[in-house]
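Down below is the structure, laid out as structure tokens.
Positions are given from 1, in the same order as the sequence printed here. Please read all numbers here as calculations on a predicted model, not as lab measurements.
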Amino acid sequence: MTETAYTTDPADTSHAGGAEAWLREWIEAHGGVAGTVHLRQDEDMVLAAAVNIPPKVVAIVGLVPKGKGMCGLAFERDEPVSTCNLKTDETGDVRPGARAVDANAAVAIPVHGPDGAVRGVAGIAFLGERDMDEAELAQLRREAEALPL
């Protein structure tokens, strides 16, 4: 498969309203408390929408390099990256800034373009520790692919 270099202009906010509305609905439908949508800009991810993310964290995750933090790792691995607790995770997948989010369990899910290349990452966080089973992850993945971008 050929990797498409999706490019999102950070000054272009035309997708932001749709992404935020979709994100709010997705979070509510799954009982989440916070979330983000990042869009691909070359080999980085640019924040397009954030719900209940502290301003300090928004500033940190505005531009995420491939391979850094849950979003960057989901982009790099092309697989969901999850944790049962943002605050106590010791895998190295969770960056220190994520601990400021008032949530515990979280997952970052790659979203694909028509050619199969990663075009963005959708993230959702929940109160309380929990492991997501394969059925829940599969449902979140299917829904994330419907992200309107």
Contact between [X] and [Y] at the side-chain level, heavy atoms closer than 4.5 Å - yes or no?
{"X": "I124", "Y": "W26", "answer": "yes"}
{"X": "V107", "Y": "L137", "answer": "yes"}
{"X": "H38", "Y": "V64", "answer": "yes"}
{"X": "L73", "Y": "K68", "answer": "no"}
{"X": "M45", "Y": "L39", "answer": "no"}
{"X": "V81", "Y": "E79", "answer": "no"}

Rounded to the nearest 0.5 Å, how far apart are [atom1] of [X] and [atom2] of [Y]?
{"X": "S82", "Y": "D131", "atom1": "OG", "atom2": "CG", "answer": "7.5 Å"}
{"X": "I27", "Y": "N52", "atom1": "CD1", "atom2": "CG", "answer": "7.0 Å"}
{"X": "E20", "Y": "E25", "atom1": "CD", "atom2": "CD", "answer": "11.5 Å"}

message: I'd like to know if E76 and K66 make a salt bridge, using a cut-off of under 4.0 Å between side-chain N and carboxylate O.
response: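 K66 and E76: not salt-bridged.
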message: Check this for me, if you would: do R141 and E136 make a salt bridge, where the nitrogen-to-carboxylate-oxygen distance has to be below 4.0 angstrom?
response: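 A salt bridge is absent here (no side-chain N lies under 4.0 Å from a carboxylate O).
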- request: Measure from NZ or CZ of R77 to the centre of the six-membered ring of F75, then state whether that distance is under 6.0 Å and the direction lies within 45° of the axis.
  value: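 Cation-pi check for R77 and F75: fails.
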field: Under 3.5 Å: donor-acceptor pair, side chain of D44, backbone of L63
entry: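 A pair under 3.5 Å: no.
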query: Is the side chain of R119 donor-acceptor paired with the backbone N or O of H112 at a distance under 3.5 Å, no angle test?
result: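 At least one qualifying donor-acceptor pair exists.
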Determine the minimum heavy-atom distance between [X] and [Y], stating which atoms define it.
{"X": "A117", "Y": "R40", "value": "CB-NH1, 4.4 Å"}
{"X": "P148", "Y": "G18", "value": "CG-O, 3.8 Å"}
{"X": "P80", "Y": "P110", "value": "N-CD, 3.7 Å"}
{"X": "I53", "Y": "A34", "value": "CD1-CB, 3.9 Å"}
{"X": "A122", "Y": "A144", "value": "CB-CB, 4.2 Å"}

Any residue meeting side chain to side chain donor-acceptor pair (under 3.5 Å) with Q139, in chain and number order, not counting sequence neighbours: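 Result, side chain to side chain donor-acceptor pair (under 3.5 Å) vs Q139: E143.
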- prompt: Would V37 and W22 count as a side chain to side chain contact (heavy atoms under 4.5 Å, CB included) if you check the C-alpha gap in whole Å, the side-chain angles of each, and the deciding distance to 0.1 Å?
  reply: CA-CA 9 Å; V37 170; W22 177 90; 4.2 Å; yes
message: Is it the case that atom CD in E145 sees more than 12 heavy atoms from other parts of the structure closer than 6.0 Å?
response: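 It does: E145 CD has more than 12 such atoms within range.
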Derivation and outcome, side chain to side chain contact (heavy atoms under 4.5 Å, CB included), residues V58 and L47: CA-CA 8 Å; V58 168; L47 186 65; 3.7 Å; yes
